[in-house]
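Since the structure comes first, as structure tokens, the remarks are kept for the end.
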Protein chains: 2
Amino acid sequence: MTAAPKRNTWQREAVRAALAEARGFVSAQELHQTLRDQGSTIGLATVYRALAGLAEGGEADSLQSPDGENRFRSCSMQGHHHHLVCRICGETRELEARVVEEWAQRVGAEHGFTEIDHVVDLYGVCERCRARAA
Amino acid sequence: MTAAPKRNTWQREAVRAALAEARGFVSAQELHQTLRDQGSTIGLATVYRALAGLAEGGEADSLQSPDGENRFRSCSMQGHHHHLVCRICGETRELEARVVEEWAQRVGAEHGFTEIDHVVDLYGVCERCRARAA
DNA sequence: AGATATGCTGAGATTCGTTCTCAACAAGCG
DNA sequence: CGCTTGTTGAGAACGAATCTCAGCATATCT
């Protein structure tokens, strides 16, 4: 078997834990800073590696913030899904979107495109933040 | 009115023209290189500024490539729309997506979110590239 | 438990895209 | 034509992400 030989290190666990605690999406740098603030001596490179690994393994979702940062979120829902993110507090909901999947496939096919992939994310202001800002 | 006093410079026009000629999405750097190759002495910073201006004015659409680059495209369709991009050659189609708009609003509302904005982009392989790669 | 091989770690350097600085310049206006 | 002021462009500065590589820790073997 070509099973990738992965080791369990406390660093990886720390990243996983910190990610799980975060409410919404966090950047690698924020996560690194958080961990350092908690007294960890973890390195930035390691946080990047751990996040990349988690993302690849489906344990985390990644998306890019408008200013070019990669942001990550601990991701419970299995398989393909989308997000609804509060642009103020970062609160995140995971969404299923059958309608959108179908639409993507159909529109792609109509234009002769294959291997359709898609990026679908919603941004808004959650109830709590709206109340607070009002 | 607080109309921003904008001037018309040949540089801005050059960027607009180069952008219009490009088939799909191009990065600021690519555009800058293209212009330099054509003999222009335009500066990189100016290309960035011009693109930001065009994007803000709705004359260009911007999106981020997976590797963190901002890419731009001359945008003819007025108002809100989405894109179907060939991930090989960059060919781009502009899309309307009433279904998706409605879905976004509905789902957002269901979760108590307001001021829903959304990012929806499709990536695939266009007919030509599929033929070439086959 | 102890020895060992190899994947993992982390500080810092590096790469690369983007933005900033600032002096020189030119568009638009009277 | 001359002035005012936004614009330009070269290079510096910045920031995110990746790479390097020697030291270390984990899983495994004995």
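Atoms considered below: every heavy atom in the structure, side chains included; atoms not considered: hydrogens, waters and symmetry mates. Lettering of chains follows the sequences in order, A, B, ..., and the numbering in each one begins at 1.
- The residue among B/Thr9 and B/Arg71 whose nearest nucleotide of DNA chain C is located toward the 5' end is B/Arg71.
- For A/Tyr48, a side-chain nitrogen or oxygen approaches OP1 or OP2 of D/dA17 to under 4.0 Å.
- Less than 6.0 angstrom separates the ring centroid of A/His118 from the ring centroid of A/His80.
- Taking for each of A/Ala45 and B/Trp10 the nucleotide of DNA chain D with the nearest heavy atom, the 5'-most of the two is the partner of B/Trp10.
- Salt-bridge formation is detected for the pair B/Arg71/B/Glu30: a Lys NZ or Arg NE/NH1/NH2 atom is positioned less than 4.0 Å from an Asp or Glu carboxylate oxygen.
- Comparing atom distances between the A/Gln11 side chain and each of C/dT9, D/dA16, C/dT18 picks out C/dT9 as nearest.
- Summarising the geometry, the separation between CG on B/Leu35 and P on D/dG9 is reported as 10 Å, rounded to the nearest angstrom.
- Side-chain atoms of B/Arg36 lie closest to D/dA10 of the nucleotides C/dT9, C/dT6, D/dA10.
- Between B/Asp67 atom CG and D/dA17 atom C1' the separation is 11 Å, expressed in whole Å.
- The CZ-P distance, from A/Arg49 to C/dG10, rounds to 8 Å in whole Å.
- Computed from coordinates, the B/Phe72 CZ to C/dG17 P distance equals 14 Å when rounded to whole Å.
- Within the nucleic acid shown, A/Ser27 has no heavy atom closer than 4.0 Å to any nucleic acid atom.
- Comment: B/Glu101 does not engage B/Arg98 in a salt bridge, judged by the lack of any side-chain N to carboxylate O separation of less than 4.0 angstrom.
- The residue A/Thr46 sits close to a base: some heavy atom pair falls under 4.0 Å.
- If you check C/dT18, D/dT4, C/dA5 against the side chain of B/Arg7, the one that comes closest is D/dT4.
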>> Checking B/Leu31 against B/Leu51 for the side chain to side chain contact (heavy atoms under 4.5 Å, CB included) test, could you report, in this order, the C-alpha distance in whole Å, the side-chain angles of both residues, the deciding distance, and whether it holds?
In response: CA-CA 10 Å; B/Leu31 216 49; B/Leu51 285 173; 3.8 Å; yes

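- Which of D/dG9, C/dT9, C/dT18 sits closest to the side chain of B/Leu44 comes down to C/dT18.
- Rounded to an integer number of Å, the gap from B/Gln33 CD to C/dG17 P is 12 Å.
- Atom CD in B/Gln64 sits about 16 Å away from atom C1' in C/dC16, given to the nearest Å.
- Backbone-only contact: B/Asn8 has heavy atoms under 4.0 Å from sugar-phosphate atoms and none from a base.
- What separates CD1 of B/Ile42 from P of D/dA10 is a distance of 10 Å, to the nearest Å.
- Distance from the side chain of B/Arg12 is smallest for D/dT8 among the nucleotides D/dT8, C/dG10, D/dA27.
- Taking the six-membered ring for Trp, B/His83 and B/Phe25 have ring centres closer than 6.0 Å.
- Closest contact between the side chain of B/Glu69 and the listed nucleotides D/dT18, C/dG10, C/dG17 involves C/dG17.
- Taking atom CD of B/Glu30 as the reference point, atom P of C/dG17 lies 9 Å away to the nearest angstrom.
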